[in-house]
Each structure stands twice: as structure tokens, then as C-alpha cells.
Amino acid sequence: MKIGIIGCGAYGLALSSIMHDNNCDITMWTNKEKEKNDLETKRVNTKKLPGYEIPKDIKITTSLEDCIKGKDLIVMAVPAVAVDSVSREMAPFIKTNDHILIATKGIEQGTGLFMHQILQKYLPTRNLAVISGPSFAVDLITKMPAGLSLAAKSTRTYNLVRRALANDYIKLRKSKDLIGTEVCGSIKNVIAIASGMLNGLGANDSTTAMLLTEATHDMMEILHAFRANKRTVTSFAGLGDLLLTCTSVKSRNYSFGKLVGSGATQEEIKTYLENTTVEGYYTLESIYQLLRNKHVKIPIIDLIYSIVVKGKDPKSLLKFLVEKD
């Protein structure tokens with residue numbers, strides 16, 4: 001099976017390790033010539049995914065055409081902010097019968113589009129799948145059991161992804177709820193920022209559990225607003241990813257929230273964001289505006305936005321949890 005992975009970040013590399021175990025022929029794309037040369041010669045990326053040595057038979061390219069042409073499955077694994085531009089660059093090489101797996105989580109700023117909707121805007125294929133669940137890249141390369149939600153409308157696409165990823169340590173749970181899976185995968189990053197704030201404020205595990213319980217109810221309301229399946233909140237993409245991302249220092253979103261909660265200066269926060277990809281920060285602006293446009297009020301999202309973007313005192317989160325209806 002031939003796979004093209006768009007993106008050489010931590011998650012793309014982690015997925016390549018699983019697919020390589022499943023005997024797939026893999027080509028990975030980066031838009032940086034230096035990164036390509038470094039990965040080809042050193043076979044490691046100590047900054048993005050320490051501990052993973054890229055197998056010698058995984059090819060690295062800066063040509064989207066080479067990464068896409070003749071592949072059974074294409075994997076989108078670039079940061080959410082880059083999906084629009086990369087999709088436009090991919091368009092000349094995508095055919096109507098191509099199959100694409102989206103591993104990127106987030107909501108586009110300005111448009112409020114989910115990742116599969118951006119691809120639908122530029123690409124002729126409708127054979128799209130979304131994968132989401134509790135799975136840090138650094139954990140996936142250990143080959144210990146992990147569960148993921150796989151949402152796809154096409155049975156053929158689902159089967160291709162299953163063939164590429166499922167094995168004796170990766171479990172895939174089937175879904176047809178693309179919107180719900182993407183909503184959960186995006187919102188949990190925002191909630192993780194709030195969870196990190198609690199840690200920075202010195203709150204205990206009981207308070208964190210309180211936040212996660214309230215967040216689960218709010219996620220159900222958001223799913224309802226997008227006409228998605230409320231049951232998706234109990235999936236690997238929902239509760240599973242929420243628990244992982246909101247309780248681990250491995251999460252960049254959680255670490256960012258901890259920085260905010262501990263009283264970091266605006267300059268320290270700015271420096272962190274400039275040097276770290278915090279998908280929850282990118283998604284926060286998008287979901288805040290999207291919910292306002294839909295006239296849906298989710299107080300926890302409004303509060304996180306007020307703290308992170310407008311500089312409200314993080315301690316207001318403690319009061320909010322007690323007073324929330």
C-alpha cells in the first residue's frame with residue numbers, strides 16, 4: 001500500500017511509524033529544503049519527535065506531486081493554519097477517486113471552516129476521512145495500545161485507512177460523524193488551555209475533574225449546535241482525547257494554559273506562542289467567532305477567550321466553575 005503523508009511534524013512522523021509497521025510504502029512531504037536534507041541524512045527530528053528514527057525506506061520530498069501521485073492514501077498532517085494554502089497547492093495533483101485522511105485538528109480562523117470543509121473547497125475528491133483521539137505523537141511511537149476515532153462517509157476510504165493504521169496496538173473505532181469528530185478534536189484543545197490554567201493557579205485534581213465534567217456537557221451543546229451526533233462526545237475523539245489533553249504536561253495546550261494561569265507576562269506568553277504550535281490558541285478565536293455567528297452561548301469558551309485574548313484574570317476561572325449553571 002502506497003501512502004503520501006503531507007507534513008513532517010511530530011504527528012505525521014508518528015503515523016509514519018505505525019504505517020511502516022503495517023508494511024506500507026511511505027513518502028513524506030515538507031516544504032522546507034533544509035528539513036528534507038536533515039531528515040534524509042540524520043533520519044531523526046530531535047526537536048519534533050525525539051526517540052523516533054525514521055526508517056531508511058521512508059522517502060522524504062519537497063515535491064507535492066511526488067508525494068501524491070500514484071498513492072493509495074494521502075494523509076494531511078500539517079498544522080491547521082497551513083491547511084488552506086497546502087490544499088490549494090495540492091489541487092492540481094488530486095483526482096476525484098483519491099482518498100485523503102485528515103489528521104489535523106482545528107477550525108480555520110476567519111471562515112470558521114473545519115479541516116474537511118477546507119479540503120472540499122479546493123479538491124475534487126469527496127473520499128475524506130478524519131482521525132482523532134487520545135494519541136500524543138511521542139506515545140504512538142512506543143507501540144503501546146492506543147484508540148482512535150475514524151470518521152468517514154466512504155466505506156472504501158474507511159477500509160484503506162484501517163488497512164494503513166489498524167494493528168495489534170492501534171484500535172480504530174468507526175464513525176460517520178465527520179463534523180462531530182472534528183468538533184471534539186478541536187474543542188478539547190481549547191479546554192486543555194483552561195485545564196492548564198487551573199494547574200498554574202494551584203488548583204487540585206478535584207477542581208480539574210470539575211472542569212472536565214462541565215466541559216463534557218458544553219461539548220454536547222456545541223455538537224448539537226453543529227447538528228452533529230451528541231454521542232460522539234463519548235468517543236475516543238471526545239472524552240478520550242479530552243482526558244488525555246487536559247491532564248498531561250505533554251500537551252502544548254495544557255502547558256500554555258499553565259503558563260497563563262501561573263501569571264506569566266504578556267511578553268512571556270508571546271514568546272511561547274512564537275516558538276510553540278498551540279493549536280488550541282488558533283482554534284479559540286475560530287470557535288469563539290463561530291459560536292457567536294450561530295448565536296450559541298457557551299460560557300466556558302467566552303471565559304477562556306476573555307482570559308487568553310483580552311487579558312482577564314485567570315482566577316476568574318475558579319469562580320466561574322462554582323457559579324456556572
Side-chain angles (χ1 to χ4, degrees), residues 11 76-77 79-80 83 101-108 112-119 128-137 139-140 146-153 158 161 165 170-196 208-209 211-248 250-254 257 278-291 294 296 298-301 304-305:
Y11 208 73
M76 177 66 84
V83 169
L101 171 65
I102 302 167
T104 302
K105 300 172 182 176
I107 305 170
E108 187 177 45
L113 294 176
F114 292 95
M115 298 299 106
H116 79 275
Q117 293 171 329
I118 298 174
L119 268 64
L128 305 178
V130 173
I131 196 166
S132 188
S135 53
F136 289 140
D139 290 345
L140 290 178
L148 299 165
S149 294
L150 171 57
K153 302 288 187 183
Y158 172 82
V161 177
L165 282 176
I170 295 296
K171 178 177 183 176
L172 299 178
R173 182 67 53 81
K174 188 176 183 179
S175 171
K176 291 186 177 180
D177 187 11
L178 267 72
I179 285 285
T181 300
E182 286 217 58
V183 167
C184 288
S186 302
I187 299 302
K188 60 91 184 178
N189 285 331
V190 176
I191 301 302
I193 294 176
S195 184
T208 299
L211 168 70
L212 298 187
T213 303
E214 294 290 354
T216 301
H217 290 293
D218 290 340
M219 286 172 70
M220 291 179 69
E221 291 302 314
I222 295 172
L223 288 172
H224 178 70
F226 287 101
R227 297 183 180 179
N229 187 345
K230 282 188 175 184
R231 293 183 63 185
T232 301
V233 80
T234 63
S235 69
F236 288 132
L239 187 58
D241 214 357
L242 184 71
L243 290 173
L244 178 72
T245 313
C246 292
T247 59
S248 176
K250 294 179 185 177
S251 164
R252 293 185 295 266
N253 299 290
Y254 181 90
V278 182
E279 292 287 14
Y281 182 81
Y282 175 83
T283 301
L284 176 58
E285 178 72 38
S286 304
I287 191 62
Y288 175 78
Q289 293 298 336
L290 195 52
L291 290 172
K294 284 181 169 289
V296 177
I298 306 294
I300 185 67
I301 300 296
I304 297 170
Y305 184 86

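- Surrounding NZ of K230 are more than 12 heavy atoms belonging to other residues, nucleotides or ligands, all under 6.0 Å away.
- Minimum interatomic distance between V130 and H116 (heavy atoms only, all atoms of both residues): CG2-CB, 4.5 Å.
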Take N253 and V190, measure what side chain to side chain contact (heavy atoms under 4.5 Å, CB included) needs, and give me the verdict at the end. CA-CA 7 Å; N253 299 290; V190 176; over 6 Å; no

Show your reasoning for whether side chain to side chain contact (heavy atoms under 4.5 Å, CB included) applies to M76 and L119. CA-CA 10 Å; M76 177 66 84; L119 268 64; 4.1 Å; yes

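- Between the side chain of E108 and the main chain of A80, no donor-acceptor pair closer than 3.5 Å is present.
- Between the S195 side chain and the C246 main chain, a donor and an acceptor come within less than 3.5 Å of each other.
- Separation of atoms OG (S132) and CG (L178) is listed at 11.0 Å; rounding is to 0.5 Å.
- A129 and V161 make their closest contact through CB-CG2, 4.3 Å (heavy atoms, listed as atom of the first residue, atom of the second, distance).
- Annotation: side chain of M219 is in contact with side chain of C184 (closest heavy-atom distance under 4.5 Å).
- Taking the six-membered ring for Trp and thresholds of 30 and 60 degrees, Y288 and Y305 have nearly parallel ring planes, at less than 30 degrees apart.
- Put simply, the side chain of I131 reaches to within 4.5 Å of the side chain of L172, judged on heavy atoms.
- What you find for S186 and G106 is that their closest heavy atoms are OG-N, 3.2 Å.
- Between atom CD1 of residue I287 and atom CG of residue L284 there is a gap of 9.5 Å, rounded to the nearest 0.5 Å.
- Across T181, N189, D241, T245, a single residue satisfies side-chain hydrogen bond (donor to acceptor under 3.5 Å, both in side chains) together with K105, and that is D241.
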From CA spacing to verdict: side chain to side chain contact (heavy atoms under 4.5 Å, CB included), S248, Y254: CA-CA 7 Å; S248 176; Y254 181 90; over 6 Å; no

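- Atom CD of Q289 and atom CD1 of I107 lie 12.0 Å apart (nearest 0.5 Å).
- G280 and I193 get closest at one heavy-atom pair: C-CD1, 3.7 Å.
- The distance from atom CD1 of I222 to atom CD1 of I187, rounded to the nearest 0.5 Å, is 4.0 Å.
- Atom-to-atom distance recorded for E214:CD and I191:CD1 is 10.5 Å, nearest 0.5 angstrom.
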Side chain to side chain donor-acceptor pair (under 3.5 Å) for S135 and Y11? Distances and angles first, verdict last. CA-CA 9 Å; S135 53; Y11 208 73; 2.7 Å; yes

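- The two residues G240 and P134 have their closest heavy-atom pair at O-CB, 3.4 Å.
- The shortest non-hydrogen separation linking T216 to V233 is O-CG2, 3.9 Å.
- Atom CD1 of I304 is separated from atom CD1 of I298 by 11.0 Å, given to the nearest 0.5 angstrom.
- Taking the charged nitrogens against the carboxylate oxygens, R231 and D177 have no contact shorter than 4.0 Å, which rules out a salt bridge.
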Go through T232 and I179 one step at a time and tell me if the side chain to side chain contact (heavy atoms under 4.5 Å, CB included) criterion holds. CA-CA 10 Å; T232 301; I179 285 285; over 6 Å; no

